[in-house]
Amino acid sequence: MVFSIFKKAKLQIYAPVNGDIRSLEEVPDPVFSQKMMGEGIAILPKEGNIYSPVDGTVILVAATKHAVGIRANDGTEILIHVGLETVSLNGKGFRAAVKEGDKISVGRMIMEVDWEYISTNAKSTITPIVITNSEARNKQYTLTEEKKAVQGKTVIISGS
């Protein structure tokens with residue numbers, strides 16, 4: 001008889017940037033606030049670049065570099081959308097540090113961001129972190145009650 005001593009790993013999504021944690025409902029864009037793209041949370045960044053919130057694979061780097069999609073090792077797909085109406089910046093203010101297909105781990109820098117440029121030229125710097133396949137997965141997601149995000153330390157979403 002074989003016994004499994006391994007518990008199924010619990011997904012933990014870490015803060016990709018330092019800042020103030022907000023609910024998606026507070027994001028001034030209905031695509032996010034009405035959870036049209038999925039469950040998640042948002043961070044109003046204070047400073048710093050964007051780092052991987054999970055171990056996984058980069059599945060999308062937007063042509064305009066304002067968003068990165070990651071498939072966590074458990075299959076959860078996460079979109080980090082830096083700022084609002086940032087697609088119109090045509091990549092200005094961003095420098096992708098990864099490409100599609102890259103294997104990444106928590107804490108690896110995935111994007112350099114010029115927050116001053118974005119705050120001057122886009123609608124908002126608020127950064128939604130959304131599980132784009134949350135509807136399709138049979139998982140329960142728990143959002144943090146923390147108010148401050150510390151990149152790589154604060155677990156903002158956990159799933160089981």
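All heavy atoms count here, side chains included; hydrogens, waters and symmetry mates do not. Along the sequence shown, residues are numbered consecutively beginning with 1.
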task: Taking the side chain as every heavy atom from C-beta outward, state whether I156 and P53 have any pair of such atoms under 4.5 Å apart.
output: no

Approximate separation, where rounding is to 0.5 Å, of K153 NZ and N18 CG: 10.0 Å

task: Specify the closest pair of heavy atoms between V17 and G48, including all atoms of both residues, with the distance to one decimal.
output: CG2-O, 4.1 Å

message: Closer than 3.5 angstrom, by distance alone: can the side chain of T86 be matched with the main-chain N or O of H66 as a donor-acceptor pair?
response: no

- prompt: Sub-3.5 Å donor-acceptor pair from the side chain of T127 to the main-chain atoms of T125, do we have one?
  reply: yes

- prompt: Between R22 and V27, is any pair of side-chain heavy atoms under 4.5 Å apart?
  reply: no

message: Looking at D29 and E85, would you say the former's side chain and the latter's main chain have a donor-acceptor pair under 3.5 Å?
response: no

query: Can you tell me how far CH2 of W115 sits from CD1 of I118, rounded to the nearest 0.5 angstrom?
result: 5.5 Å

- request: Using a 4.5 Å cut-off on heavy atoms from C-beta on, say whether the side chain of V68 contacts that of I50.
  value: no

Worked verdict on K147 versus D20 for salt bridge (charged side-chain N to carboxylate O under 4.0 Å, His left out): CA-CA 6 Å; K147 296 296 174 213; D20 295 328; over 6 Å; no

task: Report the distance from atom NZ of K92 to atom CG of N121, rounding to the nearest 0.5 Å.
output: 7.5 Å

message: Test your reading of the model: is there a side-chain donor-acceptor pair from D55 to the backbone of V106, 3.5 Å cut-off?
response: yes

query: Between L44 and E26, is any pair of side-chain heavy atoms under 4.5 Å apart?
result: no

message: Would you say that I13 contacts Y141 through its side chain, given a criterion of any heavy-atom pair below 4.5 Å between the two side chains?
response: no

field: Any side-chain heavy-atom pair of I157 and I78 under 4.5 Å
entry: no

task: Could you tell me whether K139 and D74 have a side-chain N and a carboxylate O separated by less than 4.0 Å?
output: yes

query: What distance do R71 atom CZ and N133 atom CG have between them, rounded to the nearest 0.5 Å?
result: 8.0 Å

field: Minimum heavy-atom distance between Y14 and G152, given as atom pair plus value
entry: CD2-O, 3.6 Å

message: Treating D102 as the side-chain partner and V58 as the backbone partner, does any N or O pair qualify as donor plus acceptor under 3.5 Å?
response: no

query: Which distance, rounded to the nearest 0.5 Å, do you find between the CG of L11 and the CG of N73?
result: 10.0 Å

- prompt: With side chains defined as the heavy atoms from C-beta onward, is the minimum distance between K103 and T57 less than 4.5 Å?
  reply: yes

Close side-chain approach of K35 and L24, heavy atoms under 4.5 Å: yes

- prompt: To the nearest 0.5 Å, what is the distance between CD (Q151) and OG (S52)?
  reply: 9.5 Å

